[in-house]
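What follows is a short report on a single structure.
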Amino acid sequence: MQPAPASSASINNCQTRPTRQSSLSFRAESRNLLLTVNEERKSLEQRAQMTDVERLRHSAAHVLATAILKIWPEAQFAAGPPVENGFYYDVDLSHRISPEDFDKIEAEMKKEIKANHSFERMEVSRDEALAMANRGELGALSARSEPSKYKLDIIENIPADEKISLYRNGEFVDLCAGPHAKRTGDIGAFRLTNVASAYYKGDEKNPQLQRIYGTAFKTKKELDDYFAMLEEAKKRDHRKLGRELELFVFDDDVGPGLPMFLPRGAVVAEELEKLAKETEFAAGYQRVRTPHIARESLYKKSGHLPYYAESMFPPMSIVEEGKRREHMELVIDRAKLQHELETGQWSDSQAGDQFDAWEEREKIDSKIDQLSDRYYLKAMNCPHHHKLFAALPRSYRDLPLRLAEYGTDYRYEKSGELFGLMRVRSLQMNDAHIYMTPEQFEAEFNAVNEMYLNYFKLFGIDKYLMRFSTHDPAGLGQKFVDEPELWKQTEEMTRRVLKDSGINYVEVANEAAFYGPKIDVQVWSVIGREFTIATNQVDFAQPRRLNLVYKDRDNKEKTPLCIHRAPLGTHERFIGFLIEHYAGNFPLWLAPEQVRILSIGDEPELLRYARAIHTELRANQVRAEIDESTDKINGKIQRAEQMKVHTMLVIGKRDMDANAVSIRVHGKGNLGAKPRGEVIADLLSAIKERRA
RNA sequence: GCCGACGUAGCUCAGCUGGUAGAGCAGCGGUUUCGUAAACCGCAGGUCACGGGUUCGAAUCCCGUCGUCGGCUCCA
């Protein structure tokens with residue numbers, strides 16, 4: 001799992017979760033700073049590949065630093081790269097920069113841009129660079145009493161064979177690989193957006209810096225469009241719409257990251273389940289059901305525990321009735337011993353006694369351990385499914401065996417990573433595990449991909465990308481199971497299928513699951529925001545660890561290959577995505593309330609007619625409601641529109657006399673009157689066919 | 001987890017430098033009989049997230065806890 005921003009974090013069926021900090025770190029004692037060093041660096045060539053807008057943003061970062069120095073000359077700068085939607089510069093400054101300071105900083109930036117300084121590149125020797133940094137001249141307007149400490153560190157980490165370059169714009173000189181725009185005046189339009197804190201090099205052992213974010217474009221128009229897009233995204237924010245449309249809620253007493261679906265949200269989840277069940281039934285999957293918890297032994301065998309324990313809720317310890325007394329006695333003994341260890345005066349001559357006490361404590365601990373059983377809330381469904389595979393003798397004739405379940409999992413996401421429905425601690429996944437022979441892999445993998453593509457079509461997802469994550473041989477035995485041959489085989493198979501099927505994919509090294517190569521599926525909502533929604537993983541390790549076997553033609557027992565797949569990801573994230581994608585305007589088949597009947601007035605005869613239609617629709621499983629409030633028709637329409645009810649059937653005396661109804665569709669307005677029977681038939685067929 | 005901002009009625013928000021908590025919508029009770037985005041009147045609703053402190057007096061100031069949000073290498 002790559003450390004990714006919450007909005008793009010991936011969903012894993014089950015796999016290792018490296019910490020945010022995957023780089024090797026050590027303390028540089030020579031300075032006050034505690035620094036870490038990265039394993040990998042981008043080469044200069046790689047970095048020189050910047051698009052025009054990236055150059056411009058990179059230059060904007062330098063202009064930002066220039067402006068900050070004009071106001072706070074003592075500021076120390078670290079890194080200031082262009083990023084996806086703009087740029088930032090990390091600054092170490094005792095003054096806390098807040099958005100109130102932005103006007104002042106932007107005004108200085110504008111002066112720099114107006115002055116239209118050129119960006120001059122200078123190559124210097126390592127010694128010159130170090131000397132300048134020591135005089136505080138890098139990331140600065142002039143020499144200063146304090147050395148440019150971050151720049152010094154950066155220089156020291158530049159490989160000996162790399163050239164060192166500086167860039168100057170006006171008075172500002174910075175250590176910088178470039179490239180840049182030609183002149184500050186090329187920065188057509190910019191704006192500072194926010195300020196956040198960031199550790200130097202992302203390592204919490206390092207000092208915390210203030211990260212000033214901004215964005216820049218060539219033209220004012222592009223900048224305005226960008227902010228308009230942000231506004232639109234705000235309107236579509238699933239947290240806002242989720243509350244307004246009464247889809248889901250969070251409650252402090254239930255707990256952070258534990259969403260509860262209100263009836264309207266539950267409808268969406270259940271319609272998605274219905275879709276998945278129909279699709280999977282047609283594709284030869286079988287449904288299974290498994291508990292939400294399992295004994296520790298299962299995760300020891302599956303291999304998850306050492307890799308994944310941090311992402312799981314802490315275990316529940318249970319002592320069976322018959323063992324409670326013995327357990328209690330041990331606990332008391334341990335407490336006594338602990339007290340002694342903590343309060344006792346242990347002189348040098350008693351070191352041996354102290355050591356014995358430690359040993360004794362360990363013995364007691366292990367006895368306590370043996371008496372108690374630990375259960376974990378499951379964070380993934382695969383081990384349970386693997387156990388179902390193993391539950392019956394399997395023949396090659398049974399393969400491929402496809403076991404599917406909308407499994408409920410619990411993952412202990414770090415508090416700072418929770419985000420609406422996008423990153424939660426309880427989740428339900430459109431999960432399935434396909435067990436097969438290696439010969440069947442290609443066909444099965446293709447079928448899975450085809451399922452993905454069909455879903456994309458149904459939901460109107462035009463842009464997608466499959467990120468194919470492979471292993472790095474250097475990580476064998478640590479991050480990845482030590483099976484070089486199987487890695488090679490499965491990665492080749494996967495790559496070939498992806499290539500042959502013409503699917504849009506990229507290959508990413510070193511991000512595979514611990515048990516095999518993995519594909520994360522990224523999709524883009526209609527407003528262009530990226531979501532990592534689904535996952536598809538090859539597993540050759542767990543089946544072996546759990547002794548899964550089938551009897552092959554040659555009467556030999558063999559280990560099956562397994563594909564983990566979850567095309568609809570989790571309900572939580574997929575619904576979050578759909579809310580934004582549709583801006584809350586769900587297609588008829590997904591709409592929480594498909595039809596609302598609005599009568600004009602409440603004369604008994606008219607109400608009878610309206611109620612008859614309501615009853616008929618509900619008898620046909622249509623989610624229809626009837627608004628019998630005393631509001632006037634405009635009020636009823638307003639309320640239905642606000643709740644984004646898909647179809648409104650407006651019924652007045654005129655309609656009743658003609659045995660008709662007037663149709664109004666959310667977002668489309670009044671579509672006029674039609675015969676009652678025709679309207680109902682149209683609704684039923686649109687729902688059945690899941691028409692948009 | 002770490003840094004920062006924020007937390008007032010179901011929702012959206014007002015409440016100045018400490019002095020009796022307010023509006024609109026939603027809800028409830030009436031009246032209204034209205035043809036495609038808000039009829040009218042009334043009523044009710046808050047331990048100002050929670051806990052502590054300062055003060056004659058705290059929504060307001062301080063500390064802590066909980067929660068939400070922004071961010072935590074896309075590297076000079």
Side-chain angles (χ1 to χ4, degrees), chain A residues 3-6 19-23 36-38 40-42 44 46-47 54 58 77-88 90 96-99 129 133 138-139 148 150-158 162 164-167 174-178 193-211 213 237 239-240 243-244 246 249-253 255-257 310 413-420 598-603 606 630-642 648 650-655 662-664 666 669-673:
Chain A
T19 54
R20 173 172 295 286
Q21 174 201 351
S22 54
S23 58
T36 63
V37 167
N38 293 328
E40 298 154 36
R41 286 176 56 84
K42 270 193 199 163
L44 284 177
Q46 280 171 319
R47 254 184 282 178
E54 282 171 335
H58 187 193
F77 290 92
V83 291
E84 192 178 332
N85 288 312
F87 62 89
Y88 67 78
D90 283 342
R96 282 226 156 271
I97 295 177
S98 76
L138 294 183
S148 305
Y150 301 98
K151 303 291 174 185
L152 268 177
D153 177 64
I154 291 163
I155 295 168
E156 283 176 7
N157 285 310
I158 295 176
E162 258 182 39
I164 295 179
S165 59
L166 311 179
Y167 273 84
D174 201 0
L175 175 72
C176 180
T193 50
N194 56 330
V195 53
S197 81
Y199 296 105
Y200 180 54
K201 289 181 178 171
D203 189 325
E204 58 197 66
K205 291 191 205 68
N206 285 340
Q208 209 154 27
L209 308 173
Q210 304 187 60
R211 177 166 294 180
Y213 280 92
D237 191 315
R239 293 164 297 180
K240 179 174 180 278
R243 193 170 42 238
E244 287 172 3
E246 298 173 11
V249 292
F250 289 89
D251 186 289
D252 279 4
D253 287 326
E310 235 180 81
E413 302 287 355
K414 287 197 270 180
S415 62
E417 286 183 338
L418 299 175
F419 175 70
L598 314 173
S599 62
I600 302 172
D602 59 356
E603 272 154 9
L606 187 68
T630 60
D631 287 294
K632 306 220 168 186
I633 188 62
N634 278 337
K636 292 183 184 183
I637 287 172
Q638 163 101 3
R639 285 213 312 227
E641 289 281 0
Q642 276 171 348
M648 288 150 275
V650 179
I651 296 175
K653 197 154 178 314
R654 253 178 4 228
D655 302 294
S662 294
I663 308 163
R664 181 189 172 95
H666 174 67
N670 185 3
L671 302 183

Integer angstrom distance from the P of B:rG46 to that of B:rU8 = 15 Å
In whole angstrom, give me the gap between the P atoms of B:rA5 and B:rU55.
-> 26 Å
What is the distance from CD of A:Glu244 to P of B:rC11, rounded to the nearest Å?
-> 12 Å
Watson-Crick or G-U wobble partner for B:rU65, using a 3.5 Å limit on both distances?
-> B:rA49
In Watson-Crick or G-U wobble terms, both distances under 3.5 Å, what is the partner of B:rG27?
-> B:rC43
Spacing of the C1' atoms in B:rA26 and B:rG45 (rounded, Å) | 11 Å
Looking for any heavy atom pair under 4.0 Å, which part of the strands does A:Arg654 touch: base, sugar-phosphate only, or nothing?
-> base
Donor-acceptor pair present, A:Asn194 side chain and B:rG71 base, under 3.5 Å | no
Using atom CD of A:Gln638 as one end and atom C1' of B:rG24 as the other, report the distance to the nearest whole Å.
-> 14 Å
Nearest-nucleotide check on RNA chain B, A:Lys151 vs A:Tyr88; residue mapping nearer the 5' end is A:Tyr88
Other residues, nucleotides, ligands: >12 heavy atoms within 6.0 Å of A:Glu244 CD = yes
Determine the interatomic distance between C1' on B:rA44 and the same-named atom on B:rC3; round to the nearest Å.
-> 44 Å
Give a yes/no on whether any side-chain N or O of A:Tyr213 is located under 4.0 angstrom from OP1 or OP2 of B:rC72.
-> yes
For B:rG70, which nucleotide in any strand shown is its Watson-Crick or wobble partner with both distances under 3.5 Å?
-> B:rC3
Inter-nucleotide C1' distance (B:rG7, B:rG15), Å rounded = 16 Å
State whether a side-chain donor-acceptor pair under 3.5 Å links A:Tyr150 with A:Asp90.
-> no
Under 4.0 Å: is that the gap between some side-chain N or O of A:Arg243 and OP1 or OP2 of B:rU12?
-> yes
Answer yes or no: does a side-chain N or O of A:Arg639 lie under 4.0 Å from OP1 or OP2 of B:rA38?
-> no
Between B:rA21 and B:rC13, how far apart are the C1' atoms? Round to whole Å, please.
-> 14 Å
With a non-hydrogen cut-off below 4.0 angstrom, is A:Lys653 in contact with a base, only sugar-phosphate, or nothing?
-> base
Closest non-hydrogen contact found for A:Ser662 with A:Asp655 is OG-OD1, 3.0 Å
So does A:Ser662 reach the base of B:rG35 with its side chain, donor to acceptor, closer than 3.5 Å?
-> yes
For A:Lys653 and A:Leu606, indicate whether the former's side chain and the latter's backbone hold a donor-acceptor pair under 3.5 Å.
-> no
Considering only the C1' atoms, how many Å lie between B:rA59 and B:rC43, rounded to the nearest integer?
-> 26 Å
No-H, no-angle donor-acceptor pair, A:Arg664 side chain to B:rA37 base, under 3.5 Å | yes
May I ask which nucleotide in the shown strands pairs with B:rG19, Watson-Crick or G-U wobble, both distances under 3.5 Å?
-> B:rC56
Nucleotide nearest A:Pro256 (side chain, heavy atoms from C-beta), chosen from B:rA38, B:rU33, B:rG67 = B:rG67
For A:Ile164 and B:rA76, give me the distance from atom CD1 to atom P, rounded to whole Å.
-> 14 Å
Write down the distance separating the P atoms in B:rU20 and B:rG10, rounded off to the nearest Å.
-> 23 Å
Looking across every strand, which nucleic acid part, if any, lies under 4.0 Å from A:Asn670 by heavy atom: base, sugar-phosphate, or nothing?
-> base
Rounded to whole angstroms, how far apart are CG on A:Asp252 and C1' on B:rA49?
-> 7 Å
